[in-house]
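The structure under discussion appears below in the form of structure tokens.
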Amino acid sequence: MVRKRWGTIVATAILLFSSVAAPAYAVTKRDIQQKKQQIENVQQKQSSIESKLQQSQQEIERLKAEQQQLDAEIKKLDLAVEETSANIRTKQQNIEETKQQIVALRKEIEEVTARIEQRNELLKERARSLQESGGVVSYLDVLLGAKSFSDFIDRMSAVATIFEADRQIIKEQEADKALKEAKEKELSDKLVSLQEQLTDLQKLKQTLNEQIAAKEKLMAQLKEEQKHEEEKQLALEEEKELLEKQEAAMKNQLQEMIRRQKEQEEARKRALSSRGSSESDSGSLPPASDGAFMRPANGPITSTFGPRWGEFHYGVDIGKRGASVPVVAAADGYVYRSYYSSSYGNVIFIMHYINGQVYTTVYAHLESRLVGEGQNVSKGQMIGYMGNTGRSFGAHLHFELHRGPWNASKSNAVDPMRYVPF
């Protein structure tokens with residue numbers, strides 16, 4: 001996607017490129033005016049690019065600000081999750097302690113239950129005894145059977161003690177039953193409550209985790225948007241750089257046009273002066289002739305222009321047959337791009353103006369480049385050495401010829417074999 005984006009931008013910028021080396025045809029006022037208009041157009045495009053760059057930077061800053069806000073929210077959520085997790089651990093510990101208390105209390109309840117059962121047996125025995133002896137009457141018999149007043153008092157005290165003991169047994173029995181019921185209910189309620197709290201906390205933690213996941217997803221989306229915007233900004237900066245170079249090239253050509261026009265005018269005056277006023281403007285410089293291209297390097301043609309390996313090969317490949325094979329400019333021209341490309345490797349783009357037609361030659365996979373951007377070169381001038389840089393399989397020169405400006409779709413590419421005497 002990034003490669004496609006860069007290709008589109010390069011194509012757009014290069015399509016605007018009409019700056020070339022010094023023209024070899026007669027320069028007119030109209031040519032100069034057109035070149036000035038082209039420069040103004042480029043400057044307007046540069047202004048538009050500056051505006052887009054500012055908008056892109058503002059968008060990046062906005063996305064960064066949103067990310068900072070989300071970072072703060074996620075931090076809060078992380079702290080909340082940490083607190084919730086700690087609460088869950090505390091509750092789990094409380095539940096374990098409660099369970100141990102329940103075990104102890106159940107043992108205590110079992111002891112109370114045993115006491116209750118023992119009292120039940122005792123009370124049952126007392127009830128059977130009372131029933132067999134006629135109930136209260138048996139106590140009266142005990143009292144009336146006293147042999148003396150002192151014996152009566154003793155018997156009466158014994159009967160009262162028995163009644164009090166029975167009453168105490170019943171009281172303790174009821175108290176133990178109430179204790180057992182209260183303890184069991186208390187522990188049961190406490191355990192249920194803790195379980196409910198634990199469930200609530202686990203749900204809360206799940207909710208927080210879902211919120212964090214949602215925020216992280218949004219964060220990732222914002223980062224992707226920022227990445228896209230930054231790529232867009234880089235593309236705009238690249239386009240800006242190309243436009244700046246294009247403007248410089250056009251100004252260079254404009255100066256060259258003005259200089260050549262001045263030379264033409266001086267030559268015309270000299271011709272008129274030497275041939276007389278009856279002579280016409282036949283002394284103006286003629287346009288350049290055909291056959292301006294030469295072979296860019298020595299070596300065999302290893303791949304021609306056309307379909308190759310399921311794709312289209314937009315140039316010819318010249319094989320390397322030596323330790324250091326020089327590469328020369330195929331024609332007079334202007335170097336408007338000299339850089340390292342991920343696909344072309346070390347590459348040089350030269351624009352030519354021949355017979356009123358713009359041509360572009362491309363020299364790719366160079367081992368090294370000897371000319372820089374903004375430099376005028378002449379036909380046969382050495383510009384680098386054949387190499388194997390970029391996406392290249394084996395050392396060779398990949399040479400392209402375009403009838404017009406170079407563009408990413410290479411729609412202007414022509415077969416170099418038709419123009420260059422290989």
Side-chain angles (χ1 to χ4, degrees), residues 14-15 17-27 249 252-253 256-257 260 285-306 308 312-322 325-338 341 344-387 392 395-407 409-422:
I14 298 301
L15 281 171
F17 229 118
S18 60
S19 55
V20 295
Y25 66 99
V27 178
N252 176 276
Q253 185 191 15
E256 186 65 20
M257 282 180 168
R260 188 170 291 276
L285 294 175
S289 63
D290 293 334
F293 294 102
M294 66 173 287
R295 169 187 271 266
N298 289 324
I301 302 298
T302 58
S303 184
T304 58
F305 182 90
R308 184 185 70 170
F312 199 92
H313 188 231
Y314 290 96
V316 296
D317 291 346
I318 302 174
K320 184 179 181 182
R321 297 295 184 268
V325 179
V327 177
V328 301
D332 294 347
Y334 178 83
V335 179
Y336 73 85
R337 202 77 172 95
S338 176
S341 164
Y344 278 133
N346 281 317
V347 62
I348 296 172
F349 290 74
I350 301 179
M351 191 168 283
H352 316 272
Y353 206 91
I354 300 173
N355 293 334
Q357 173 65 48
V358 172
Y359 292 91
T360 305
T361 52
V362 181
Y363 311 77
H365 309 309
L366 299 174
E367 180 182 279
S368 60
R369 293 172 281 115
L370 303 181
V371 292
E373 296 175 3
Q375 188 172 340
N376 289 311
V377 293
S378 58
K379 178 181 176 182
Q381 179 179 338
M382 187 171 170
I383 60 174
Y385 287 96
M386 192 181 294
S392 169
H396 69 285
L397 172 67
H398 174 76
F399 176 74
E400 294 179 12
L401 178 60
H402 299 260
R403 186 178 172 85
W406 182 94
N407 60 69
S409 63
K410 301 187 180 181
S411 60
N412 292 332
V414 295
D415 186 355
M417 304 287 285
R418 292 168 46 197
Y419 294 80
V420 182
F422 284 101

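Values in this document were obtained by computation on a predicted structure and should not be read as measured data. Worth knowing before you read on, the calculation uses all heavy atoms, side chains too, and leaves out hydrogens, waters and symmetry mates. We're numbering straight along the sequence, starting at 1.
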Q.
Could you walk me through whether V414 and Y359 satisfy the side-chain contact (heavy atoms from CB on, under 4.5 Å) test, starting with their C-alpha distance in whole Å, then the side-chain angles of each, then the deciding distance to 0.1 Å, before giving a yes or no?
A. CA-CA 10 Å; V414 295; Y359 292 91; 5.8 Å; no
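Annotation for S341 and V347: closest pair CB-CG1, 4.2 Å, computed over non-hydrogen atoms. Closest heavy-atom contact between G374 and Y334: CA-OH, 3.1 Å. Between P405 and N412, the shortest heavy-atom contact is O-ND2, 2.8 Å. Residues Y363 and V328 share a closest heavy-atom pair of CE2-O, 3.5 Å. In plain terms, the two heavy atoms of A329 and S378 that are nearest each other are CB-O, 3.6 Å. Contact between V327 and A297 at its shortest, heavy atoms only, is CG2-CB, 4.3 Å.
In this structure, CD on E367 lies 10.5 Å from CE on M386, to the nearest 0.5 angstrom. Considering CG of L397 and OG1 of T302, their distance stands at 9.5 Å, rounded to 0.5 Å. In this structure, D332 CG and I354 CD1 are separated by 7.5 Å, a value rounded to the nearest 0.5 Å. Atoms OG1 and CE, on T361 and M351 in that order, are 9.5 Å from each other to the nearest 0.5 Å. Atoms CZ and CD1, from R369 and I348 in turn, are 6.5 Å apart once rounded to the nearest 0.5 Å. In this structure, R337 CZ and F349 CZ are separated by 8.0 Å, a value rounded to the nearest 0.5 Å.
Applying the side chain to side chain contact (heavy atoms under 4.5 Å, CB included) rule to A413 yields the partners F305, Y314, H402, K410; only residues at least two apart in sequence or on another chain are considered. Here F422 pairs with nothing under the ring pair (Phe, Tyr, Trp, His ring centres under 6.0 Å) rule; sequence neighbours left out. Taking R308 as the reference, D317 meet the salt bridge (Lys or Arg N to Asp or Glu O under 4.0 Å) condition, with sequence neighbours excluded. For Y385, the ring pair (Phe, Tyr, Trp, His ring centres under 6.0 Å) criterion is met by no residue, not counting sequence neighbours. A search for side chain to side chain contact (heavy atoms under 4.5 Å, CB included) contacts involving T304 returns I301, not counting sequence neighbours. In terms of the side chain to side chain contact (heavy atoms under 4.5 Å, CB included) criterion, residue partners of S392 (sequence neighbours excluded) are, by chain and number, H365, N388, H396.
Contact annotation: the side chain of I350 never approaches that of V371 to less than 4.5 Å [non-hydrogen atoms, C-beta and beyond].
For R321 (side chain) and V325 (main-chain N/O), no donor-acceptor pair under 3.5 Å exists by modelled atom type. The backbone N or O of H398 sits nowhere less than 3.5 Å from a side-chain atom of Y344 that would complete a donor-acceptor pair.
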